[in-house]
Amino acid sequence: MEIHKRDEEQEPAVNRKLFLIRQILNIIFMAGALVGAVLYWVQPEPTTGILVIMTAMFFKMAECVLRFRK
């Protein structure tokens with residue numbers, strides 16, 4: 001039985017570009033979630049933290065849409 005390995009040269013440039021965009025969206029999501037969590041616990045009114053986390057969730061949803069379109 002043969003095992004086929006993925007070769008980076010065979011992978012289309014579109015997939016690599018899409019992967020980079022997904023990674024950037026994930027980084028934005030993680031940073032936004034972290035900032036939102038800090039704001040939620042530090043500020044007397046948690047509304048700002050909740051709004052920041054909800055905004056970060058839109059970046060995660062966009063990343064999921066790109067992942068499932070593949």
Side-chain angles (χ1 to χ4, degrees):
M1 183 161 84
E2 290 184 32
I3 298 175
H4 297 282
K5 295 182 181 178
R6 268 192 181 173
D7 190 9
E8 289 184 13
E9 294 174 4
Q10 292 177 350
E11 195 171 317
V14 175
N15 285 347
R16 282 183 267 159
K17 187 175 181 180
L18 192 63
F19 180 75
L20 178 63
I21 292 170
R22 284 182 46 216
Q23 293 301 325
I24 291 170
L25 289 172
N26 273 327
I27 291 169
I28 293 170
F29 164 70
M30 288 186 285
L34 183 64
V35 169
V38 169
L39 288 174
Y40 180 83
W41 291 108
V42 171
Q43 297 218 342
E45 188 67 32
T47 307
T48 306
I50 292 171
L51 290 174
V52 171
I53 292 171
M54 289 174 65
T55 304
M57 288 173 58
F58 284 110
F59 288 99
K60 186 61 180 178
M61 285 186 253
E63 187 271 332
C64 287
V65 167
L66 290 176
R67 183 179 349 144
F68 289 128
R69 282 187 63 209
K70 184 177 177 182

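Sorted pairs that involve residues 27-36 and meet side chain to side chain donor-acceptor pair (under 3.5 Å), not counting sequence neighbours, are lacking altogether.
Annotation for Met61: atom CE counts as buried by contact number, over 12 foreign heavy atoms lying within 6.0 Å.
Neither Val52 nor Met57 shares a network with the other; the hydrophobic side chains, linked directly or stepwise wherever heavy atoms of I, L, V, M, F, W or Y lie under 4.5 Å apart, form separate groups for each. Clustering ILVMFWY residues whenever any of their side-chain heavy atoms sit less than 4.5 angstrom apart, transitively, puts Phe59 in a cluster other than the one holding Met54.
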Under 3.5 Å, side-chain donor or acceptor atoms of residues 25-51 against the rest of the protein: list the pairs with distances, not counting sequence neighbours.
from  : atom 1 : to    : atom 2 : distance (Å)
Asn26 : OD1    : Lys60 : NZ     : 3.0
Asn26 : ND2    : Arg22 : O      : 3.4
Glu45 : OE2    : Thr47 : OG1    : 3.4

